[in-house]
Amino acid sequence: MKIKIYNTLTKQKENFETIEPQKVRMYVCGPTVYDSCHVGHARSVVVFDVIVRFLRSQGFEVIYVRNFTDIDDKIINRANELGISATELAEKYIHEFYEDMDSLNVERATMEPRATGYIREIIGVIQLLIGKNMAYPVDGDVYFSVESYPDYGKLSRRILEDMEAGARVAVDERKKNPYDFALWKTAKPGEPSWDSPWGKGRPGWHIECTAMSSGLLGETIDIHGGGKDLVFPHHENEIAQSEAAFGKQFVKYWVHNGFVNINQEKMSKSLGNFLLIRDILKAYHPEIVRLFLLSNHYRSPIDFNEKAMEEASGALDRVYTFLERVDRKFGIPSETKLSSHGELWRQFCEAMGDDFNTAQGLGILFSTVRDLNRMLDASGDQVSDQIALSVRNGYSDVLSIGSILGIFRQSPQSYFDQKRRAGLRKESIDPGWIEVKIRERTQARAAKNWAEADRIRDELLELNIILEDRSEGTVWKYND
RNA sequence: GGCGGCAUAGCCAAGUGGUAAGGCAGCGGUCUGCAAAACCGCUAUUCACCAGUUCGAAUCUGGUUGCCGCCUCCA
């Protein structure tokens with residue numbers, strides 16, 4: 001099928017054509033590991049996780065590289081504050097990153113290189129640039145000369161002369177142009193450093209991505225992704241140094257995800273409204289977080305707030321309730337045939353093929369779930385073969401969609417069990433007590449003592465416990 | 001000052017030339033002892049505003065207003 005991708009470089013949706021047929025080389029900027037991950041990181045990582053899963057489902061072989069920037073000023077400063085080495089600090093946060101992303105059911109990238117593992121390659125690129133007279137060493141530092149690269153500014157659509165007017169740039173007399181950026185920084189005493197032709201030092205911020213991307217994927221790749229905030233200066237500088245060094249196009253499609261706001265406010269350290277993934281996961285099931293993150297188009301901003309999370313939670317429940325219903329009706333399919341796809345899957349892929357429109361895809365999913373519920377309602381106990389087939393196909397497609405979005409991966413039983421357990425913890429109640437209450441109510445109902453039955457139900461409702469009287473008995477759910 | 005984005009029902013949110021997906025909330029109904037879940041019906045003649053292009057515009061063009069982001073580390 002045809003896939004369209006919005007390309008930041010051309011500012012329009014383009015037909016996705018890979019360099020090599022059915023093969024995608026993709027690089028996404030990973031975190032600088034000096035602190036815990038917040039929801040913003042989660043959005044970026046989850047969005048690209050879904051993009052990779054979708055491309056693979058469409059038959060592409062995707063070589064996906066997501067790096068760790070494990071050496072930079074922030075890491076050094078933070079390590080000094082804590083009195084530990086930069087390496088120790090980086091290790092700690094790489095470990096945390098994996099914990100958080102594993103919780104969110106993010107698949108590992110094909111390769112996850114670290115900047116410190118590519119020092120030799122970094123030095124090689126810098127030498128190439130100096131050799132072409134597009135970079136210059138000063139006192140052990142090396143700067144890239146933005147004026148030497150005529151296309152500088154093409155990604156963020158900035159013109160050097162215009163930027164200089166009102167810009168807030170620290171003036172460094174040693175730079176030829178204020179926008180020249182460091183490729184290599186000389187080491188101050190006590191800082192981690194590597195030997196280089198310019199003395200002991202470490203890489204500047206942008207160069208590691210050029211070295212790792214070209215080293216692992218080649219000098220021209222299909223997709224390069226990251227958060228919108230990386231467009232300038234990070235990706236602009238990556239393009240400049242890469243294309244200057246290799247003399248060819250660096251990236252075909254630039255993909256950038258939008259921000260996560262918190263209650264309508266930009267998330268920022270100064271406002272103190274940074275929400276860490278690990279904290280959010282204490283309050284919400286990981287699939288709720290994923291569903292929330294995918295409920296808007298990836299390029300639009302998304303607002304994290306309690307109401308939005310409750311809606312995501314309700315939506316997830318809705319689908320799991322459907323899955324549970326089908327399980328009850330037909331038994332749990334021994335093997336889910338994810339290979340035979342129906343109309344729902346086709347429509348979902350069409351939405352995803354249009355610049356990865358997960359919001360539209362979810363709309364299709366929900367309306368299909370309603371259609372299938374309607375069929376089941378209309379059937380009563382006698383489900384025709386034709387309807388059973390439609391429902392089974394729909395069920396299978398829902399799971400296929402889940403495998404792209406990284407949700408619906410639990411059995412409905414374990415999903416609702418997990419919610420029940422979380423509810424018990426939150427309300428500090430004993431499950432045995434609930435069972436006793438339910439038995440009492442069942443007896444009251446049998447005696448047609450409706451007042452008592454309703455009193456018990458209300459008593460449980462106070463604790464967010466909702467009862468459902470099914471034909472096979474009363475079950476309870478926790479309403480978070 | 002420069003660059004860019006957004007404005008769709010009470011709320012969230014798709015839709016980029018052919019007559020407004022989906023979710024939540026609300027109201028009415030089916031089912032139920034009553035509920036819950038599920039389903040049905042109702043809820044934007046209209047897409048910030050003004051002008052233009054077109055047989056036809058939420059969608060394209062120009063302008064106005066409002067909000068937001070980037071230009072400093074940032075997903």
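Residue numbers start from 1 in every chain, and the chains themselves are labelled A, B, ... in the order their sequence lines are given, proteins ahead of strands.
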Donor on one side chain, acceptor on other, A:Tyr179 and A:Asn237, under 3.5 Å: no
Contacts to RNA chain B from residues 302-318 of chain A, heavy-atom cutoff under 4.0 Å, which residues? A:Lys307, A:Glu311, A:Arg318
Quantified in whole Å, what is the P atom distance between nucleotide B:A21 and nucleotide B:G56? 23 Å
Quick one: are the ring centres of A:Tyr6 and A:His256 less than 6.0 Å apart? no
Base, sugar-phosphate or nothing for A:Gly153? Non-hydrogen atoms, less than 4.0 Å. nothing
Kindly say whether the aromatic ring centers of A:Phe181 and A:His206 come within a distance under 6.0 Å. yes
Give one of base, sugar-phosphate or nothing for A:Phe259, where a contact means two heavy atoms less than 4.0 Å apart. base
Distance in angstrom units between A:His235 NE2 and B:C71 C1', rounded: 16 Å
Determine the Euclidean distance between corresponding P atoms of B:A25 and B:C40; express it in Å to zero decimal places. 15 Å
Check whether any side-chain heavy atom of A:Met101 lies under 4.5 Å from a side-chain heavy atom of A:Glu107, and answer yes or no. no
Can you label the angle between the A:Phe274 ring and the A:His38 ring as parallel, tilted or perpendicular, going by 30° and 60°? perpendicular
Once you apply the 3.5 Å cut-off to both distances, tell me the Watson-Crick or G-U wobble partner of B:G4, or none. B:C68
Pair partner, B:A36 [Watson-Crick or wobble, under 3.5 Å]: none
Return a single string for nucleotides 28-33 of chain B, one symbol per nucleotide in 5' to 3' order, where B is base contact, S is sugar-phosphate-only contact and - is none, cutoff 4.0 angstrom on heavy atoms. -----B
What's A:Gly227 touching, base or sugar-phosphate or nothing? Going by heavy atoms closer than 4.0 Å. sugar-phosphate
For B:G18, give the paired nucleotide (Watson-Crick: N1-N3 plus N6-O4 or O6-N4; G-U: N1-O2 and O6-N3; both under 3.5 Å), or none. B:C55
Take the angle between the ring planes of A:Phe68 and A:Phe97 and call it parallel below 30°, perpendicular above 60°, tilted in between. perpendicular
Look at the side chain of A:Lys74 and decide which nucleotide, out of B:A75, B:C73, B:A13, has an atom nearest to it. B:C73
Qualifying residues under salt bridge (charged side-chain N to carboxylate O under 4.0 Å, His left out), relative to A:Arg470, sequence neighbours excluded: A:Glu324, A:Glu468
Just checking A:Asp377: base, sugar-phosphate only, or nothing, at a heavy-atom cut-off of under 4.0 Å? base
Would you check, one step at a time, whether the test side chain to side chain donor-acceptor pair (under 3.5 Å) holds for A:Glu238 with A:Thr210? CA-CA 6 Å; A:Glu238 277 187 50; A:Thr210 289; 4.9 Å; no
Between A:Asp354 and A:Gln360: side-chain donor-acceptor atoms closer than 3.5 Å: no
Judged by each residue's nearest nucleotide on RNA chain B, which is more toward the 5′ side, A:Val39 or A:His297? A:His297
Between A:Ile466 and A:His38, the residue closer to the 5' end of RNA chain B by nearest nucleotide is A:Ile466
Figure out the CG/P separation between A:Asp355 and B:A14, and round it to whole Å. 12 Å
B:U54 and B:A13: how far apart are their P atoms, nearest whole angstrom? 35 Å
Just to confirm, is there a sub-4.0 Å distance from OP1 or OP2 of B:A75 to any side-chain nitrogen or oxygen of A:Asn257? no
OP1 or OP2 of B:A14 under 4.0 Å from side-chain N/O of A:Asn357: no
Pairing residues for A:Asp303 by the salt bridge (charged side-chain N to carboxylate O under 4.0 Å, His left out) criterion, not counting sequence neighbours: none
When you measure from the side chain of A:Tyr179, which nucleotide among B:A14, B:A75, B:C71 comes out closest? B:C71
Give none if B:G10 has no partner; otherwise give the nucleotide forming a Watson-Crick or G-U wobble pair with it, both distances under 3.5 Å. B:C24
Integer angstrom distance from the C1' of B:U16 to that of B:G5: 15 Å
In whole angstroms, how far is the C1' atom of B:C73 from the CZ atom of A:Phe181? 16 Å
Distances for protein N/O vs nucleotides 2-7 of chain B N/O pairs under 3.5 angstrom?
{"from": "B:C3", "atom 1": "O2'", "to": "A:Ser156", "atom 2": "O", "distance (Å)": "3.1"}
{"from": "B:C3", "atom 1": "O2'", "to": "A:Arg157", "atom 2": "O", "distance (Å)": "3.4"}

Roughly how far apart, to the nearest Å, are B:A75 and B:C70 at atom C1'? 14 Å
For A:Val231, answer base if it contacts any base atom (sugar-phosphate contacts may also be present), sugar-phosphate if it contacts only those atoms, and nothing otherwise; contact means non-hydrogen atoms under 4.0 Å. nothing
Any side-chain N or O of A:Arg374 below 4.0 angstrom from OP1/OP2 of B:C40? yes
Please, which pairs that meet ring pair (Phe, Tyr, Trp, His ring centres under 6.0 Å) have at least one residue in residues 342-361 of chain A, sequence neighbours excluded? A:His341-A:Trp345
A:Phe259 six-ring centre to A:Lys228 NZ/CZ under 6.0 Å and within 45° of normal: no
In whole Å, what is the span from the CD atom of A:Glu452 to the P atom of B:C34? 19 Å
Do A:Glu243 and A:Tyr149 have side-chain atoms, one donor and one acceptor, less than 3.5 Å apart? yes
Please determine, for the side chain of A:Arg370, which listed nucleotide (B:C40, B:A14, B:C70) has the closest atom? B:C40
Could you tell me how far B:C49 sits from B:A58 if I compare only their P atoms? Round to whole Å. 11 Å
Give none if B:C47 has no partner; otherwise give the nucleotide forming a Watson-Crick or G-U wobble pair with it, both distances under 3.5 Å. none
Apply side chain to side chain donor-acceptor pair (under 3.5 Å) to residues A:Asp70 and A:Tyr93 and explain how you reach the verdict. CA-CA 9 Å; A:Asp70 62 344; A:Tyr93 287 114; over 6 Å; no
Rounding to the closest angstrom, what is the interatomic distance between B:A20 and B:A44 at atom C1'? 8 Å
Which of B:A36, B:G22, B:A13 is nearest the side chain of A:Glu468? It is B:A36
Between A:Thr474 and B:A36, is there a contact of a side-chain N or O with OP1 or OP2 at under 4.0 Å? no
Taking B:C24 as the reference, what is the distance to B:C39 when you measure between their P atoms (whole Å, please)? 9 Å
